[in-house]
Amino acid sequence: MTGQLSGYVRELLVSRIKDVADYPKPGVMFKDITPLLADPEAFGALTGALVELAGRYGATKIVGLEARGFILAAPVAVQAGIGFVPVRKAGKLPGATLAQSYELEYGTAEIEVHAEDLAAGDRVMVIDDVLATGGTAEASLSLIRRAGAEVAGVAVLMELSFLPGRAKLAPALGDAPLDALIVV
């Protein structure tokens, strides 16, 4: 499913995402969201759309995935009046954490969350900038459930439809929705 954006908002967001050829390596077309973030109208429209989804999901906490997910998720949490919880790369959080490993194209990675930041009764919305292969998002759903919380839904600014992220994430989502505001 894709997010319900007005034509104007969709065009505004798309127009502020810059294609950068051959970054970070030859053959890759990088989708740079920094022009969108620098435009207060576009960033505000994006935040508003995500706040609307948080309400629709019944979210009581927002998880942002490192690093661009932090930028998108924090203002959503503030505007929605609910807590923000960062999911970080391993070794970046002090104190007791829950960790989850996941597969990368060439190897593995690990993410962590503070063990006390999520609890039974929390309905957690995960926010990230891009859904590509789905590995990080899938690992975050495992962390949320291991903490005793419920996955309310996942929302991303962009879904790269030519990669298998949605299919990989589907089993981990269960009945929770996945919304992509823009599909490329």
Would Glu138 and Lys168 count as a side chain to side chain contact (heavy atoms under 4.5 Å, CB included) if you check the C-alpha gap in whole Å, the side-chain angles of each, and the deciding distance to 0.1 Å? CA-CA 8 Å; Glu138 181 183 40; Lys168 179 179 177 93; 3.0 Å; yes
Report yes if the side chains of Val154 and Leu173 come closer than 4.5 Å at any heavy-atom pair, otherwise no. yes
For residues Phe43 and Leu13, determine if any side-chain heavy atom of one lies less than 4.5 Å from a side-chain heavy atom of the other. no
Are Phe162 and Phe30 linked, directly or through intermediate hydrophobic residues, by side-chain heavy-atom contacts shorter than 4.5 Å (ILVMFWY only)? no
Taking the side chain as C-beta and beyond, is there a heavy-atom pair between Glu66 and Ile111 under 4.5 Å? no
Steps toward side chain to side chain contact (heavy atoms under 4.5 Å, CB included) verdict (Asp22, Val28): CA-CA 5 Å; Asp22 299 321; Val28 173; over 6 Å; no
In short, Pro86 meets Val113 closest at the heavy-atom pair O-CG2, 3.9 Å
Are Leu160 and Tyr23 connected in a single hydrophobic cluster, I mean Ile/Leu/Val/Met/Phe/Trp/Tyr linked by side-chain heavy atoms less than 4.5 Å apart? no
Pro94 backbone acceptor or donor facing His114 side chain under 3.5 Å: yes
Do the non-hydrogen side-chain atoms of Val156 and Leu181 ever get within less than 4.5 Å of each other? no
When every non-hydrogen atom of Arg145 is compared with those of Ala172, the smallest separation belongs to NH1-O, 2.5 Å
Just so I know, are the side chains of Lys92 and Glu112 near enough to count as touching, which here means a heavy-atom distance under 4.5 Å? no
So do Leu178 and Arg166 actually touch side chain to side chain, heavy atoms under 4.5 Å? yes
Rounded distance (nearest 0.5 Å) linking atom CD of Glu116 with atom OG1 of Thr97: 9.5 Å
The side chain to side chain donor-acceptor pair (under 3.5 Å) partners of Thr34 (sequence neighbours excluded) come to Asp32
With clusters defined by side-chain heavy atoms of hydrophobic residues (ILVMFWY) lying less than 4.5 Å apart, directly or transitively, does Met29 cluster with Val20? no
Might you work through the side chain to side chain contact (heavy atoms under 4.5 Å, CB included) test for Val124 and Val151, ending with a clear yes or no? CA-CA 5 Å; Val124 183; Val151 175; 5.9 Å; no
Which residues share a side-chain contact (heavy atoms from CB on, under 4.5 Å) with Arg123, sequence neighbours left out: Thr60, Glu150, Ala152
In terms of hydrophobic clustering (I, L, V, M, F, W, Y; side-chain heavy atoms under 4.5 Å; direct or indirect links), are Leu93 and Ile62 co-clustered? no
Would you find a donor on one side and an acceptor on the other, under 3.5 Å apart, between the side chain of Asp122 and the backbone of Ala119? yes
Mark yes when over 12 heavy atoms from residues, nucleotides or ligands other than Arg68 sit less than 6.0 Å from its CZ; otherwise mark no. no
Interatomic spacing from CD in Glu52 to CG in Asp179 - rounded to 0.5 Å: 10.0 Å
Side-chain donor-acceptor pair present, Tyr102, Thr136, cut-off under 3.5 Å: yes
Contact check, side chains of Ile182 and Ile17, non-hydrogen atoms, under 4.5 Å: yes
To the nearest 0.5 Å, what is the distance between CG (Leu46) and CG (Leu12)? 9.5 Å
Using the rule that two of Ile, Leu, Val, Met, Phe, Trp, Tyr join whenever any of their side-chain heavy atoms come within less than 4.5 Å, decide whether Met158 and Leu163 are in one cluster. yes
Over all heavy atoms of both residues, which pair between Phe70 and Val87 is shortest? Give the atoms and the distance, please. CE2-O, 3.5 Å
Does a side-chain heavy-atom distance below 4.5 Å link Leu143 with Arg146? yes
Looking at every heavy atom in both Val183 and Ser161, which two are closest together, and how far apart are they? CG1-CB, 3.6 Å
Picking from Ile127, Leu72, Val130, what satisfies side-chain contact (heavy atoms from CB on, under 4.5 Å) with Leu157? Leu72
Considering non-hydrogen atoms only, spot the tightest contact between Ile82 and Lys61 and give its length. CD1-N, 4.1 Å
Heavy atoms only: give me the nearest Phe84-Ala77 pair and the separation to one decimal. CB-CB, 3.7 Å
